[in-house]
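Before any comments, here is the structure.
All figures in this text were calculated on a predicted structure; none of them were measured in a lab.
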Amino acid sequence: MRIALVGQPNCGKSTIFNYVAGYKAITSNFPGKTVTYSLSKVNFQGITSEIVDLPGTYSLTSFDLAELETRRYLLREKIDVVINVIDASLLSRGLELTLQILELNLPTVICLNMIDEAEAKGIIIDVDRLSQLLKVPVVTAVAHKGRGINQLFETAFQMGQNPIRGKIFTFSKDVELVIEELRKHLEEKKYAQKFQVTERFLATKLLENDQHFIDEIKKIDTKFIKKVKDYQQQLEEYRARTSDVVISSERHHLAMDIYESVVTLAKPRVEIRNYLDNIFMHPVLGYISLAIVLYLFFHFVFYIGELVEEPLLAFFYQFLPYLEEKLNNNSLIFYIASGMVQGLAGGIAIVLPYLVPFLLGLAFLEDTGYLPRIAFLMDTFLHRIGLHGKAIIPLILGYGCTVPAVMATRILESERDRFISSILTTMIPCAARITIIFGLVAFYLGPEAALLVYVLNIIVVAFSGKILSRLLPEVTPGMIMEIPAYHIPSLKVLLAKVWLRMKEFIMVAWPLLIAGSIFLSLLKYWHLETFINKLISPITLLLGLPIAVGVTLIFGILRKELSMIMLVQALEVTDISTVMSATQIMTFTIFVLFYVPCVATIAVLIKEIGAKKTVFTILFTFFIAICLATATRLVY
Amino acid sequence: MVANLADVTPGSKVRVVEIRGGLGIRQRLSCLGIHPGDLMIVQASGIMRGPVLVSIHDNKVALGRGVASKILVEVIN
Ligand SMILES: Nc1nc2c(ncn2[C@@H]2O[C@H](COP(=O)(O)OP(=O)(O)OP(=O)(O)O)[C@@H](O)[C@H]2O)c(=O)[nH]1
Ligand SMILES: [Mg+2]
């Protein structure tokens, strides 16, 4: 049995999915996190079923790629039960999507999630009455606490075994008349079967001017599209409004009617969070608080990292003299063993101390709902580089990991915006590069130097955006974004999210770090690394770096942390400041920060923006890296 | 008094009169619950021609300046 979770963005679908499937899908408090579907086999009360978590969609007429994915899944795949998740605190708006889902005529269960939020707003819902009106079961839930989820799936399984269809609501008479006539024509042509939807659904979507269906039919039957246009015009004459507005207002009114007959309003609870935006979104205080938040975040990561890094490093490095003593330090086995120790030390002592507090801080910001506020504050600046506020979300996620950040550009409407923000996200220091900034720059040159790197990075990203939008002049569609209510993050969810993101690091990066370190040891054993260093020497010479650094730059393309961890090994010291000057450390960091995205990023770029644009991205970032690093050498 | 949303001072209560602009904007706004005839409160307006924050049906929506200037509203008080 396949069960799909469908609903508007940020209503808690992924939270429900995670509750039954284990923490697999990233959840956060802003609309549009899930951009691709995830599937999980779940065994629940002796029944095995497949649960699908879909990207949130405001309606079944889709605009961005994430929404399109949901619609495609709903229309093309075989689904036994739809769980329509509604944010109960936004019931009337959620019902507009529900009405469209019911038109699909699939077995449906409704989950009224975030009942706690609705109560805080003073919205009290008569669940039985709602269920009677829609003629489908309705279950209430508070997903992040797990309340109501068992009952939800029990109901869904029953629905799968004895499917019933909900009520299909009808619009006003004059509108219905037009729909009915168009429906009859569709019946003759059998187009609805082609798209696997009901005729009524297709007829309403065509009247709504749904681009996807119109384009598909246009390909095979331009005459029919003319007929559709005639009917659209008929509606427009009846109502003196464009046909899409006619249909959406009809749906809006139906939803309002249902809402009014099931809801009683009580006094909303007085809460501090209702007033937070007076500060956080204030035209002046907003920016001041943003600066404070980022400053605190930065120091939180730095102090925790520093506290842990030194003792951990000392712990690992005490093994090196021991190895030297026990093994002949020209033997192959010594090289392998010391490579392993250095790889382990790098992964555990240099990367983890900064990675963990960083991911925790990011998860905290995501779950409180602060990110959309940042988007609001940054909109005007992003306009200056040809993007709009929503583009800040992939950019911020880029501080975590570039791969999901590039995928998050799917929430942008225009292809050009997606391209520009994809390039810019690759230049944002991801967690791997953050460990370089902290482990190298902050550790040896002090936190102010690290802060300088961040500020410089933001300036460069802004300039690059400006250049790119000059190259691709096109007006961005402008921001339309929901600002969700603040939530208090649950510690359990925060930790689960940090763990999910760390797992990737531990499974992929650690083995690579250790294998890479051993590999470098072997290169040294056979004296092959001098050959590689010679190849890279034009770059190292230009940047005034020690020749031995060359080989680390190659490894950095695999995983950005590798270049730093191998630095220790390539230079054959434990304290880098003894062989590299402050200028050299800074130059190295700036170069590694920008040059060529890592392999995983290149792969996702090819998937999202195509091979040609990926090559452009690689050349563009490499060019910037060379220029900036040379400049750093000269001025820092 | 009819004005475009981008010019309304924060704190005003307004009624949507008309949504200009293409199909895309119209449909997007309608999905977020903004339709002609609806009441909303202008909560904040960003500096330097920044976006406008409105609250509608108990929910907050941020609209870029360009989008806001396509929404005609009647200021109620
Ligand atoms: N107060 C409250 N918060 C909830 C509830 N369910 C989920 N949340 C929180 O709401 C936020 C959004 O949840 P998600 O599961 O990520 O939402 P989604 O529907 O998957 O969102 P998209 O993938 O963007 O469409 C998260 O921060 C959750 O922790 C609930 O019942 N009550
Ligand atoms: Mg989700």
Quick one: of B:G66, B:P51, B:S55, B:C31, who has the most non-hydrogen atom pairs under 4.5 Å with chain A?
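Ranked by heavy-atom pairs under 4.5 Å with chain A, first place is B:P51.
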
Relative to chain A, which of B:R49, B:R65, B:H35 shows the most heavy atom pairs under 4.5 Å?
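Result: the option with the highest number of such pairs is B:H35.
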
Under a 4.5 Å heavy-atom cut-off, does chain B meet the side chain of [X], its backbone, both or neither?
{"X": "A:E482", "answer": "both"}
{"X": "A:Q100", "answer": "neither"}
{"X": "A:N278", "answer": "neither"}
{"X": "A:L90", "answer": "side chain"}

Within the structure provided, determine whether A:R241 and B:P36 are in side-chain contact (heavy-atom separation under 4.5 Å).
yes

Could you tell me whether the side chain of A:D277 reaches within less than 4.5 Å of the side chain of B:Q43, counting heavy atoms only?
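Side chain of B:Q43 against side chain of A:D277, heavy atoms only: no contact under 4.5 Å found.
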
Testing the basics here: between [X] and [Y], what is the closest heavy-atom pair and its distance to 0.1 Å?
{"X": "B:I47", "Y": "A:P283", "value": "CG2-CB, 3.4 Å"}
{"X": "B:A62", "Y": "A:I483", "value": "CB-CD1, 3.8 Å"}
{"X": "B:V52", "Y": "A:F376", "value": "C-CE1, 3.9 Å"}

Pairs of heavy atoms under 4.5 Å with chain B: top-ranked of A:M281, A:H388, A:K121:
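The option with the most such pairs is A:K121.
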
Go through B:R28 and A:D64 one step at a time and tell me if the salt bridge (Lys or Arg N to Asp or Glu O under 4.0 Å) criterion holds.
CA-CA 10 Å; B:R28 201 78 183 137; A:D64 61 39; 3.5 Å; yes

From [atom1] ([X]) to [atom2] ([Y]), nearest 0.5 Å:
{"X": "A:N209", "Y": "B:L23", "atom1": "CG", "atom2": "CG", "result": "5.0 Å"}
{"X": "A:E413", "Y": "B:I25", "atom1": "CD", "atom2": "CD1", "result": "10.0 Å"}
{"X": "A:T242", "Y": "B:I19", "atom1": "OG1", "atom2": "CD1", "result": "9.5 Å"}
{"X": "B:S30", "Y": "A:E96", "atom1": "OG", "atom2": "CD", "result": "6.0 Å"}
{"X": "B:H57", "Y": "A:H252", "atom1": "NE2", "atom2": "NE2", "result": "4.5 Å"}

Look at the side chain of A:T380 and the backbone N and O of B:M48, then say whether any donor-acceptor pair between them is shorter than 3.5 Å.
yes

Does B:Q27 reach the main-chain N or O of A:E208 with its side chain, forming a donor-acceptor pair under 3.5 Å?
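Yes: the side chain of B:Q27 pairs with the backbone of A:E208.
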
Is it the side chain or the backbone of B:V54 that comes within 4.5 Å of chain A heavy atoms, both, or neither?
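For B:V54, no heavy atom lies under 4.5 Å from chain A.
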
Within the supplied structure, the quantity of interest is the number of heavy atoms (other residues, nucleotides, ligands) at a distance under 6.0 Å from A:R273 CZ; does it exceed 12?
yes

Heavy-atom count check: over 12 atoms from other residues, nucleotides or ligands less than 6.0 Å from A:E415 CD?
no

